[in-house]
Structures are given as C-alpha cells and as structure tokens.
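Notes follow the structure.
Numbering of ligands and ligand atoms starts at 1, following listing order.
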Amino acid sequence: MTTKPTADQAFIRETNLSLALRLIHAQSPISRAQLAHITGLNKSTVSSLVDELIDGKLVRETGMNTIGAGRPATLLEMNSQVGLILGVELGVDFISVAVTDFLGNIIWRKHADTDPNEDHEKVINQSLSIVKEALTAGRRKHLPFLGLGLTTPGTVDVSQGILIFAPNLHWRNVPFGRIFSEHTKLKVFVENDANAAAVAEHLFGTTRRVQDFLFVFAGVGIGGGLFLNGKLYRGKNGYAGEIGHFPIMAEPLQTVCHCGNRGCWETYANQYSIIQRIQARLEVKRSSVIPQLMAEQSSPLTIPLIKQAADAGDQEAIESFAEAGRAMGQGFAGLINIFNPEKIILGGPLSVAGEYLLPDIKETVRLHSLPEMDQQAEVALSPFGPDAALLGAIAIVADDVISNPLRTRDGSPK
Ligand SMILES: [Zn+2]
C-alpha cells in the first residue's frame, strides 16, 4: 500500500484549493468557518487548504472578526505580493503595457500610439521593446512574474495563443503566444479584449458577485464579453461575443464595416461613427469650438478632443455623442432581451465619453427592451474606463493562478 496521493486525489485537492482561493478572492476578508459554511467542506479540510494557500504565499491572515456573537475569528485575504503580472493591450491604434501586483494594482505602465496601417511585425517589435522595459521595472521589486497576458481585438484561439482575425487591424493568424513567450520566457495568455475586460470586471471590478453580466468594449470596434452562469461564455470555437458585427440593417447602401459586411451594429456606434457625425455637422454648421481646438492642439479629430468640446458646452459634440448613445442603446436593448443579464458594463476607449453616452443608452434601453428585462438590468460604466482591456490582460493571468494555485510552486521563470 502506498501513501502517495493518486492522480484523482491530487486533482480533487487542487480543485478544492482553487475553490477556496476563488472564494477568498471574491469575499475577502473571510474566516475559515465562513469558507467551510459556503463550500460545505469540513472545517479540518478547510484549515488544511488554507494552510497550503498561506504556505504558497497566495493568502495571508488579516486581523480578527470581532463583530457578532461567538469567538473572534482570524480573517483571510489575498496576498497581493505573491508575484507580479505583466499585461499588454494591443489596441487598433495604440499599445498599453502595465506591471501590476496580483490584485491588479498598477506599479508601472507605458502607452504608445501605433499606426493601424502598419503590418503586425512592426507593431509587435514596438510592443516587445516596451515589454522589455516593463520586465526591467518589475525586477526591481524582487518578486517573481506570474505570467504575461495579452489582449487584442478580434477572434482568438486561446488554447494556441493565436489571433485568428482582427477586422479592424486586417491581421490574420498571428502567433502572439509563441512570440511573446520566446522573448520573455514567461507563461503567456492571449485573449480577445472584450472577453478579458469581462474577466477583469469580475476579478477586480464591480461584478465580483454577479453571475450574469455582459461587458461591451467600445472603441474603433465594439466587442462583447458574455459572462453567463458565473463564467465566460466562449461558444463552440471560442469566438462568441462578436456583438459589433451583429447585422442590424440589410440595405445595400449601409456603411461597409471593416469585417467586409454592411450594416454591422458597430458602424453606427463606434468611435468612427462619432467622428463621421461631427464631420457631417461641421460641413453644414461652423458654430462649434471643435475646429479651434484642433488648430490649437494641432490634433486630428479624436474622441478625447470631442469630449473636451462637449465639456465646454459644444452642442455639436454633445448631440453627436447622444446620437451614438442611442445607436449603442439599441444594441444594448437587443442584448438585454437575449441574455437577461443583471448588468451591462461599458468600457474601452469610447468610455472616456461615457457621461455623454450613458443617458441616451439608458433611455433607448428603456424604450426597446422588454419591460421585465429593463427593470432587472443595470447599465453602468466600468471603473477601469479606457483601461478595461489592459486590466483584462492582467486578469487572465490572475484567473489562471486562481484556477491552478499549485502552479506558483512550480517556480515561475525569473
Ligand atoms: Zn462587421
């Protein structure tokens, strides 16, 4: 007879460790007794799991719970210092890189503009050079890197780390996982930007305890992260959530989308649609501060500049955002009717203008979703705003550690 655990026992042990860690992450500070109560595991099993998580530096004790009847209990929380995470967001026209602790607190970051017409090799080289700076900055903390997360628009083969197709970048079959792991020697995770933003919202944001929510990631395109029954919904091939390419009009004269089709929802509600609305308004009416702001700042027409004009009370800017908000709201209403979510969260580059978009989104949702659904679903801005996918890149690494808590013992690459 052997005392070595069987493969089944080892699997059950890691599953229970992950279950305990996920609960501590979502509900901290929490006591061992509360963990036993929620999981249904007996107290000695929970104590042994917690000891192992504390040994692995994933969890630490934090003060006592002296509220209520009974013996004061030691409370547990996540240890933010177990290691660092490197996140890379490849946007359509920018790269954002950050180093954070295990709880997504940013220690170092850098942003660079890119040219969407460049081929992917140039953009990858630009990203790799920023990643090198990030690694140097992180090493000063003398903590191990737990992994690198990379987010990109478009459809992603998550298991292979390959971008399959990004319509707004015209990129196909880019093996980001292999390229970034060769250069960093880290474990690399690649994910669609909206999916990753949904994971960040669940781990670090406003939906920690929400089982059904949708993340709408709006910028050059509009992507969706569908978080259903407590986890990300991926569909048959892993490409679910391409809500921006939902065809809402089939007329031949509709705007051509970057995916090649006409009448995709995102062409009415993305950042180009707002810029086009402003251009059309300025052609017929010149009483706007926008041309003056562009001249003063030597800037092209951008969403932050239009937001600045709206802040100054410019009606052309305010009305263009309102029109886009109504177009967005139609899509939100359809999503609410299909999924009956508890929340829909708006994030991504376009959410810098969230305060101008949200009232019209909410009003359109009220008009176009079924009344019972509308009363249930809350529409809100992500606390991460334009950084939603960057935090998403961090979150997909954190989520892997929470799912596989023993991997921090493997000795991550230095
Ligand atoms: Zn499309």
Original post:
Closer than 2.8 Å to the Zn ion (ligand 1), how many protein N/O/S atoms do you count?
Top reply: 4
Subject >> Arg277 side chain to Ser273 side chain, donor-acceptor N/O pair below 3.5 angstrom >> reply: yes
Original post:
Can Glu363 and Arg326 be counted as an ion pair, charged N to O under 4.0 angstrom?
Top reply: no
Original post:
Side chains of Tyr356 and Asp311: is there a donor and an acceptor less than 3.5 Å apart?
Top reply: yes
Subject >> side-chain hydrogen bond (donor to acceptor under 3.5 Å, both in side chains) contacts touching residues 126-135 (sequence neighbours left out) >> reply: Lys110-Glu133
**OP:** Run the salt-bridge test on Glu201 and Lys343 with the 4.0 Å N-O cut-off and return the result as yes or no.
**Re:** no
Original post:
Taking it one step at a time, do Leu103 and His25 satisfy side-chain contact (heavy atoms from CB on, under 4.5 Å)?
Top reply: CA-CA 9 Å; Leu103 295 180; His25 190 281; 3.9 Å; yes
